[in-house]
Structure formats: C-alpha cells, structure tokens
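To start, the structure under review is shown below, and the notes come after it.
From a predicted model like this one, the values you see are computed outputs, not experimental measurements. Residues: numbered from 1 along the sequence shown. Computed over heavy atoms, backbone and side chain alike; hydrogens, waters and symmetry mates excluded.
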Amino acid sequence: MTRPLSVAVAGLGTVGAGLLTLLRDNAEIIAARAGRPIVVTAVSARDRSRDRGVSLDGLRWYEDPVALAADGQADVVVELVGGSDGPARALVEAALAAGKPVVTANKALLALHGAELARAAEATGATLAYEAAVAGGIPAIKALREGLAGNRIRRVTGILNGTCNYILTNMREQKREFADVLAEAQKLGYAEADPSFDIDGVDAAHKLAILAALAFGRPVAFGDVHVEGIRAVSALDIRLADELGYRIKLLGIAQREEGGIATRVHPCMVPASHPIARVDGVFNAVVAEGDFVGRVVLEGRGAGAGPTASAVAADLIDIARNRQTPVWGAAAAALDGEPALPMAQHHGAYYLRLMVLDRPGVIADVTATLRDHGISLESMIQRGRAPGEAVPVVLTTHDCHESAMRAALARIGALEAVLEPPALIRIESL
C-alpha cells in the first residue's frame, strides 16, 4: 500500500468523535477499500480538556480551526464545525484556495455559499465532498450525482429532518399534541434546546437546496426554496388525515415543471400507500424519479455519530482513490439556468380545516368563497353537532392554484363564524 492519507478534522463533537472511532475500528477494511490507510493526524476543537470518549494522543492540536488548512502534513481537511459562516466557512475557503481537498457535513454552508465554494474548488482543482451534508448515512448525494447521472430527474422528494419526522410520528401513534411531543423530543436529545431550525423547516430547506442543485444541474439556490414548518400541525389534523387515507409528513420537494424548477418544504398529506408515508421516527428518506430508472427510494438514519461518520468516511475513501466529481455534478459553466418558480404558481389539491360556529349558513359562506375563487371541493367532513359552539369542518379540494387558495383563505378567515386561522395542508399525490 502507498503512504497513508493524512486527515485533519475540525470539530470534535458527536460526529467528529464518531469519525475518529469509525476510522480506527474499521481501519483494516477502509484501507483495503481506499487502497491505503486513512489516518487522522490533526484535530481542532474548542475545549482541549473535554473527554470525548476517544483518545487524542499523538494528534497535532490546533486552537484555531482555520489553521488546519495550512497544516503541511495534512492531505485533506474535514470540516465538522457547522454554521454557514464564521470559522467553518473560513476554513473551507482557505483549504480550497490552497488546493487541499475538503470533506464537510455542513448543509447550511453549502446551501448558502455552495456556488462560490464550487467555483473556488474548480479554480484550484481541489475536491469539495459533502455526502454527509444531506440525510446522514443515506448515500443520497452519490445516488443523484453519480448513480443516476444518465437520467433526467423529474422530481426529488425527501423526509429530510429526523426531528420533525419523530414529532409527527409520535403525534400520530400516541395521539398527542405538538408541544407535548416536542418537549419529550428535547428531553431525549432528538430536538435541540432551540428547535427552530428543525421545526420551522430551515434545516430541511438547506438539504433540499442541495438535492435540487444536483438533481437538475443548476446552481444551488437556498433563497428560492419555499419554507414552512410543522408548528401549526395539530393532533386533530393527523387523526383526520388517517381517516382520509393519508399521513402527514414534512417533505422537501424539488420538481421540474413547465417554465422552471419548483422547490418547497412544508407539511404534506401523503397517501398512506406510498413508501415515504411509512418512514417513521427519526429516519430520513429520499425518493428520486428519473426518466429511465423510474422511482428510486433510499431510507435510513439521517443524523447521529455513526451514520454521519459513515458518509464522511465514504468521501475520504473517494479522495484516497483520487476519484473526483465536480461539486454539483458538472462544471460551473455547464450548470442550467432554469428559473425558479414561485410558490404562488403551485398547482395541487388541499386539505382545509376550519373551526367554525355551528350555525346555519356557515358552510354555505365558505363554499361560496371557494367557488368565487375557482376552487372545487372533493369532499367535506363535519363530525357531530354543537349548536352555537365551535366544531371542526374539513374540506378537501380538487387541484387549484396556490394563489387562488391563498386569496380564498384570506376571505374565509375574515368570516365572523370562523374562530381561528384556517389550517391548510397540501395534498401530494406523489
């Protein structure tokens, strides 16, 4: 075997420590697959004294993660610091400018700065690898960029955030409300103390922006993604979805449509028979649809030390073998400039739940408003009667435009008998 690949790791949190453990425990099989040993020789983290459950003896230590880029003995830099700017961005930019390969798990960095980082990598011929940035241990990046390279991708759909999937799964299985399950997820470590990035859909949108760039050969564009989270999903909505034959999932959807590419993250009603509807708990899934391959479903753990370290190791093996692919699957000059489609142009079916006073004429006012905006109903559910009190009314529609639905909701929400903002969930046929 040739000289070992020397790796410098910035960030020794859960994933960083997991990577050191994986590379040591599986050293023999990794060396065989990489054609040479892969060895961590330098590290950087904020607290040198912290016990991480893995020995750091003999490793070069850097207080400043950016200094790793200048380590002359390191062949490749692994960035596990996190964050879209600050030390993580500075480290990656410095390493690429020096022509040094970089492996990162940083989806926010790639979603917000991926276009310029790709140009920097292209300018010096350096590798920028990021399998771990999307869906943890699921090889979603390689599948889209390499495995399906001969296909025109029509759509990519994903459950891209394990925290949200865990919450929605437990709300359904245990018939509990959002706030209650979120608090439990925080105690179990499935949700952060500040869960906003997850439950408001931002984390999933970062990952979708990356998948969309790969799927459609276009520059990464996080700002084009429509983003909604799961705070407004209630246990009642989940129960009614079951009755209608659906599961509620937070999905990221990137789709080629007439006139451009639509990218959106929001709660969806998914047919219970679809494979993605049965992906529960903290698991992630990515479904790609190509013109020749058809539907490809990938499922697995989307986060955690082991799965993420597994993905980082896969990129390191590629680098050890001198396998290199353009960051976004093609050179920057060859990327497609198809426009992004605004959410107002979305065309699909909707689930609409209203809490209304049970009195004559209310439903007529609601249906008249929908009719005035060109929206036709597929079904209506009203459970029980409680004259003069609030009752839920559920309507499902045939396909219509988002702009029409939003205009109708503004009028419906203003009706005196409608007691709270209407709940709206898009129905995806997939």
Side-chain angles (χ1 to χ4, degrees), residues 15 19 80 103-111 114 118 127-165 198 201-218 220-222 225 249-256 261 263-265 270 274-290 293-318 323 325-330 430:
V15 176
L19 177 63
L80 301 174
V103 177
T104 180
N106 194 332
K107 64 268 185 180
L109 177 68
L110 291 163
T127 294
L128 175 57
Y130 52 94
E131 184 63 63
V134 177
I138 302 173
I141 302 302
K142 286 182 172 60
L144 275 176
R145 187 176 59 191
E146 296 150 45
L148 303 180
N151 287 257
R152 291 184 184 275
I153 303 298
R154 185 178 73 86
R155 176 164 57 185
V156 176
T157 306
I159 294 175
L160 302 174
N161 185 272
T163 298
C164 289
N165 205 38
D198 292 319
V202 178
D203 175 78
H206 284 151
K207 297 168 184 174
L208 183 69
I210 293 168
L211 293 177
L214 290 171
F216 304 115
R218 63 198 297 260
V220 64
F222 173 72
V225 182
K249 298 290 185 182
L250 181 75
L251 295 185
I253 300 171
Q255 188 168 326
R256 187 187 301 276
I261 304 297
T263 52
R264 49 196 172 93
V265 170
V270 181
H274 192 278
I276 212 166
R278 299 190 290 273
V279 177
D280 287 332
V282 297
F283 280 71
N284 282 196
V286 176
V287 180
E289 300 172 38
V293 75
R295 178 195 289 171
V296 175
V297 182
L298 303 170
E299 177 187 353
R301 294 189 178 277
T308 310
S310 170
V312 172
D315 282 338
L316 290 173
I317 290 170
D318 279 347
R323 292 193 289 256
T325 305
V327 177
W328 300 113
L430 299 178

>> Using a 3.5 Å distance criterion without hydrogens, assess whether the side chain of Asn165 forms a donor-acceptor pair with backbone atoms of Val282.
In response: no
>> One pair to check against side chain to side chain contact (heavy atoms under 4.5 Å, CB included): Leu214 and Trp328. What are the steps and the verdict?
In response: CA-CA 6 Å; Leu214 290 171; Trp328 300 113; 3.9 Å; yes
> Of the non-hydrogen atoms in Ile276 and Ala285, which two are nearest, and what is the gap between them?
Replying inline: CG1-CB, 4.1 Å
> Stepwise, does the salt bridge (Lys or Arg N to Asp or Glu O under 4.0 Å) test hold for Arg323 with Asp315?
Replying inline: CA-CA 9 Å; Arg323 292 193 289 256; Asp315 282 338; over 6 Å; no
> Would you say Asp198's side chain and Thr163's backbone share a donor-acceptor pair under 3.5 angstrom?
Replying inline: no
> What closest approach, in Å, do Leu298 and Pro139 show between heavy atoms, and which atom pair accounts for it?
Replying inline: CD1-O, 4.2 Å
>> If you count every heavy atom of other residues, nucleotides or ligands that lies below 6.0 Å from Arg278 atom CZ, does the total exceed 12?
In response: yes
> Ile210 versus Ile141: any side-chain heavy-atom pair under 4.5 Å?
Replying inline: yes
> Minimum heavy-atom separation for Leu251 to Thr157, with atom names?
Replying inline: CD1-CG2, 3.8 Å
> Would you say Glu131's side chain and Ala140's backbone share a donor-acceptor pair under 3.5 angstrom?
Replying inline: yes
>> Are the side chains of Lys142 and Asp318 in contact, using a 4.5 Å heavy-atom criterion?
In response: yes
> Can you tell if the side chain of Leu211 reaches within under 4.5 Å of the side chain of Leu160, non-hydrogen atoms only?
Replying inline: yes
> With a 4.5 Å limit on heavy-atom distance, are the side chains of Arg155 and Ile253 in contact?
Replying inline: yes
> Where is the tightest heavy-atom contact between Val312 and Ala132, given as atom of each residue plus distance?
Replying inline: CG2-CB, 3.7 Å
> Quick one: does His274's side chain get under 4.5 Å of Arg295's, heavy atoms only?
Replying inline: yes
> Any side-chain heavy-atom pair from Thr104 and Leu128 closer than 4.5 angstrom?
Replying inline: yes
> Minimum heavy-atom separation for Ile138 to Gly300, with atom names?
Replying inline: CD1-N, 3.3 Å
> Between Arg145 and Val327, is there a donor-acceptor pair closer than 3.5 Å when you use the side chain of the first and the backbone of the second?
Replying inline: yes
> Under the side chain to side chain contact (heavy atoms under 4.5 Å, CB included) criterion, do Phe222 and Thr263 qualify, and how do the steps go?
Replying inline: CA-CA 9 Å; Phe222 173 72; Thr263 52; over 6 Å; no
>> Can you give me the closest heavy-atom contact between Thr308 and Gly136, atom names plus distance?
In response: OG1-CA, 4.3 Å
>> Is there a side-chain contact between Lys249 and Asp280 in this structure, where contact means two heavy atoms from C-beta onward sitting under 4.5 Å apart?
In response: yes
> Quick one: does Val265's side chain get under 4.5 Å of Val225's, heavy atoms only?
Replying inline: yes
> What's the spacing between Asn161 CG and Leu250 CG if we round to 0.5 Å?
Replying inline: 7.0 Å
> Considering residues, nucleotides and ligands other than Arg301, do more than 12 of their heavy atoms fall under 6.0 Å from its CZ?
Replying inline: no
